[in-house]
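Only one structure is covered here, and it is reproduced in the block below.
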Amino acid sequence: MHPFALLRAHDATAAIAAHAQDPELAFIAGGTDLLGLIKDRATLPARLLDINGLPDMARIDARPEGGLSIGALARMSDVAVHPEVRKRFPVITEALLFSASGQLRNMASIGGNIMQRTRCAYFRDEDDLPCNKRRPGSGCAARHGLNRNHAIFGWSDVCVATNPSDLAVALAALDAHVIVRGASGERSIPFSEFHRLPGTTPATETVLKRGELIVAIEVPPSPEGRASHYLKLRDRQSYEFALVSAAAAVAVDGRRLRSVRLALGGVAPKPWRLTAAEAALSGVSLDDPGALARAIAASFGDARPLAHNAFKIELAQRVALRALQIAGERA
Amino acid sequence: MNAVGQPLSRAEGRLKVSGRASYTADRRFSGAAHAVIVHSPIANGRILSIDTSAAENACALAVFTHLNLPRMNPTPKPWSHLRPHGQGHLPLQDDSIYYAGQPVALVVAATRDQAAHAGTLIQVEYEESPPIVFGRDTAKAAIDPPQFLWPVASAVGDAERGIAAGAVRIEQTYSIADRHHNQMEPHATTAMWDADGSLTLYETTQHLYGTRELISIVLGIPAEKITVICEYLGGGFGGKAYVWPHTLLASLAAKLLNRPVHLQLTRAQMYAMVGHQAATIQTIALGADKSGKLTGIRHDSISPSSMFDNYIEYAALSTRSLWSASGGIATNHKIVHVHRNTPTAMRSPHEALGHWALEGAMDELAYAAGIDPVELRLRNDTEIDPHSGRPFSTRAMRRCLIEGAARFGWEKRSPEPRSMREGGYLIGQGMASAIYTHWRWPAKARVTLDRDGSALVEIGTHELGTGTYTVLRQVAADALGVAPERVTVRLGDTRLPPSHASIGSATMANAGASVMLAAKAARDKAIELALTGRDAPFAGTKADDIYVGDGMLRLAQRNVGVTYAELLTRNGLPHLIGDGNYDPVPEAEGPKAVFSFSAVYAEVRVDPELGLVRLRRFVGAYDAGRIINPKTARSQAIGGIIWGVGQALLEQSETDPALGRFLNRNYSGYLVPSNADIPDLDVHFVGDFDADASPLGAKGLGELTAVSVAPAIANAVYHATGKRVRDLPITVEKVM
Ligand SMILES: Cc1cc2nc3c(=O)[nH]c(=O)nc-3n(C[C@H](O)[C@H](O)[C@H](O)COP(=O)(O)OP(=O)(O)OC[C@H]3O[C@@H](n4cnc5c(N)ncnc54)[C@H](O)[C@@H]3O)c2cc1C
Ligand code: SF4
């Protein structure tokens, strides 16, 4: 095991300062991703700063106007079963309950969840295989290797990995914001801008800068929240990352869709919002599956398959449709 | 009441669930150093240089490479189960690299984390060449291997003419992915040497004596000086029945450093430091007349082996004996040498691979001929083993088929594909049959009957999670006529009477038989005392008139009895010892062909748009002879079925074609079923006492139950969707 020093933070300002000054320091929350990455030698920080002791960062606040504020240190399991989360945004509860296992959800934090890194098997191999994310310039073994679990949207020749977080898909659909604090104060990052596309620099996955700490996630009130659903498709029925997933939230006039929020997981380097489909779906009847499918297809013109994942282009549309229909039944 | 036949719970259950069972990987010994293997990331090439200085300067106590490790003796030829190496290639002997994951250095340090860290500081420079990997292309260049376990090819009659004469013909290619055992307990060894040059190995093994013999040969130590111990094994599935490189390395390091060395493979190393189940590409051809009676069968299989061994997956083995075919049956096996470590036996080697093709093709034949799949099999059932011409000792295939179908409700099935629905889902029902080789192997045991009326069973067999402690206790209890709680079982140590490898579902029938013989020998000594000893209570009667029960000897005619305790006390004896020596004729030589049988039925629910297949119901009817303990037997069966579900729907070790290495080397990438994937499983035993199989009447069970699960599920998927999947596992993209 790679040796590291473990430090404990008691105060956010000091933690942020320590992180800003020390390029070899990493925050650790639940440790469920970071320790695995260290064991796999995908990241080798010299110092871990345990942020679990930071005050006021584990709160789950149901805002009176219908939104939510979720502290970065709130545990996945606590958020999942929170009655107001369940009521206002079933898509969040479902995304969390379909993630990982009970034990992991008890440890894992919300901040850590949206920061988790790709499950690309090349990236996570202890033997340091060609991987631009892990060692820039070493190549991408997945590009022409085994890439069933890789992207159909947003990838580059330099990296074709997907983002594995289920929660992130729901948060992207709900237009959440990530609240981060740095030396110069707080900023609020729209969720769809939080994760980056790989381009030529796949090692940088988010817009978070050194010296920035995620403090909370803000989910704005939305008329679609209650009629929402997270559909996760995977080979195994439990305890597996998504092959393809979809978060759907809808508002309706009778059986017609008034507004739709739709995002996919397992298909892109970041949660993939289907904006063109959302626009095309407005006004379509829930009773017309053909029309729903055609509207969803509007977002698939730029899908590009790899050698082993062409089926995902069709599958993702079917998953999106099914998620939409289930959300529709909840409206 | 007899103990045999009772659903007794595991003798060691409490120890296991409370974490007190002494698993080898968990055992810690004072003064032990920890060794970690550094392995090659490349699959083909040569080590140009190796720099261990940084590791030595950090925290390593010692670093061994091919440059400083003593040479070992070559692995013995021909290969034998009695001294079984996992692979012929020995670690750290020269600079060549034949597979990714091959050991290139061994680092020893005070702790495992230190050894692992020091290992990362070793710099190895390689000359790299492109690897050969197994696939449809390389399979074209497959070669005829020399014989390994059975003859490579077989021909009874003229299969080709038989097939050609058939009114209905099927010819298809079926394939299965590489798979790994993925035992929960990783392979682990602690090696320690005594001043007199004797070696004690705490080893994760399902073959104590084989390990001892092989280590003796390769390291050049007399076998008597080696003790191998394994009291509990956290899963074997065949993979721990052979000696793999790490055991040799730990043994040598302990000797060279003169202190105990503990070595445990990492999860990722479990994918190359030890064997796996090789992929197969199988071609099957069937011919049948209009009534479905088979006229000919041809079954050929190609599988990969390492560059240095000729390992064969005998996938077509069972096709030699499962169904009769009037014209003839021909089978053949070929291999391809590729850059990987040597494959090995994995539950259920040979059988669970070949049935995939044979029982899939039988389903295709059933549809092509318009005959119900159960009826088709009933029509091709046989009392004579087509391969050897011998009659089967017992073959309850008919009962398996009929009783299994009844429990499942097969008669309610509508045969047309896509004809059964539930909401948006398609429902499919499929079935398959299986035959499994029964092994007869010698074993010895000792039973000590104590003056306090308790008994001790000693035998060098293994507890792999199968229930050995419990079933041996039941067997001894009945032979002695004592309550099972009065019997203690000791196993897992080469200082005990030698038994065979715990593979091939052979432990119950063979190790069990030796325990029965030993217990009877001890009982007979007690009877002798009762007839002729001091104050002999039954003097003047005959041994045949005496029976045992409740810890007593009793006379059949009169209501008199004497306890073992009284008898031994009266004779001034502390105990009586019975030795059991079970030495059966090997299975190939007896007058009867001995096999286990099954018919299994699966119901799946398919989401046709999303391609999701979920198992909904499963019924297995098994003929494994007499069932000694219905509870542990059922546990074995459900474990086997779940194992088969993994093969059918989830498991595949993927090889990167350019890097020539298994990629998904962990539980997150290699999917085994979770509880959520498994519905209620209905296990039904139909067998009877089979005297040819074993004096206990039992035939092999554990591996049988993993066979034909995959074809039953795939046949159900066909019935649900009309899609015939011939490549395992059945993943979403093959069904949607
Ligand atoms: C076996 C397994 C299965 C899993 N299955 C799923 C699944 O199905 N779906 C799914 O979505 N996830 C899954 N996960 C991932 C799991 O959800 C994440 O590991 C977890 O959410 C990470 O949270 P953590 O608190 O443990 O993060 P850590 O491991 O502590 O940290 C992860 C990263 O986040 C950074 N970080 C943590 N907190 C902050 C903060 N407040 N500000 C800035 N940076 C921070 C750390 O520096 C680190 O880089 C699985 C994980 C495992 C091990
Ligand atoms: S897809 Fe990205 S993470 Fe995977 S090997 Fe390529 S560069 Fe690395």
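Convention: sequence-line order gives letters A, B, ...; per-chain numbering from 1. The structure presented is a predicted model; accordingly, all values stated were derived computationally and were not measured. Hydrogens, waters and symmetry mates play no part in the numbers below; they use all other heavy atoms, side chains included.
- Proximity to chain B is limited to the side chain of A:Arg119, based on heavy atoms less than 4.5 angstrom apart.
- Under 4.0 Å is where a charged nitrogen must lie from a carboxylate oxygen, and between B:Glu654 and A:Arg148 no such pair does.
- No other option in B:Asn664, B:Leu659, B:Thr111 has as many heavy-atom pairs under 4.5 Å with chain A as B:Leu659.
- No more than 12 heavy atoms of other residues, nucleotides or ligands sit less than 6.0 Å from atom NZ of A:Lys39.
- Between chain B and the options A:Val319, A:Leu129, A:Val244, heavy-atom pairs under 4.5 Å are most frequent for A:Leu129.
- A salt bridge links A:Asp128 with A:Arg134: the distance from a Lys NZ or Arg NE/NH1/NH2 to an Asp or Glu carboxylate oxygen falls below 4.0 Å.
- In this structure, chain A has heavy atoms under 4.5 Å from both the backbone and the side chain of B:Leu663.
- Ring geometry for B:Tyr271 versus B:His180: interplanar angle of 30 to 60°, hence tilted.
- Using a cutoff of 4.0 Å between basic side-chain nitrogens and carboxylate oxygens, A:Glu94 and A:Lys232 are not scored as salt-bridged.
- Of the atoms belonging to A:Leu231, it is side-chain heavy atoms, and not backbone ones, that fall under 4.5 Å from chain B.
- Here A:Glu240 is the residue among A:Glu240, A:His2, A:His144, A:Glu314 with the most heavy-atom pairs under 4.5 Å with chain B.
- Salt-bridge formation is detected for the pair A:Asp127/B:Arg665: a Lys NZ or Arg NE/NH1/NH2 atom is positioned less than 4.0 Å from an Asp or Glu carboxylate oxygen.
- For the set B:Val36, B:Val672, B:Asn666, the count of heavy-atom pairs under 4.5 angstrom toward chain A peaks at B:Val672.
- Annotation: maximal heavy-atom pairing with chain A below 4.5 Å, among B:Thr266, B:Leu650, B:Leu610, occurs at B:Leu610.
- With a 4.5 Å cut-off on non-hydrogen atoms, A:Leu321 does not touch chain B at all.
- Environment of CG in B:Asn57: crowded, with over 12 heavy atoms of neighbouring residues, nucleotides or ligands closer than 6.0 Å.
- A salt bridge links B:Glu603 to B:Arg616: at least one charged side-chain nitrogen sits closer than 4.0 Å to a carboxylate oxygen.
- Interface check for chain A: of the options B:Glu609, B:His117, B:Arg614, the most heavy-atom pairs under 4.5 Å are formed by B:Arg614.
- Only the side chain of A:Asp125 comes within less than 4.5 Å of a heavy atom in chain B; its backbone stays farther off.
- Looking at A:Leu315, the atoms closer than 4.5 Å to chain B (heavy atoms on both sides) sit in the backbone and in the side chain alike.
- Heavy-atom distances place no part of B:Arg112 under 4.5 Å from chain A, backbone and side chain included.
- Note: B:His262 and B:His34 have perpendicular aromatic rings, judged against thresholds of 30 and 60 degrees for the angle between ring planes.
- No other option in B:Asn675, B:Asp113, B:Asp677 has as many heavy-atom pairs under 4.5 Å with chain A as B:Asp677.
- For chain A, the nearby part of B:Leu612 is the side chain; its heavy atoms alone come within less than 4.5 Å.
- A salt bridge is absent between B:Glu422 and B:Arg605; no separation between the charged side-chain nitrogens and carboxylate oxygens falls under 4.0 Å.
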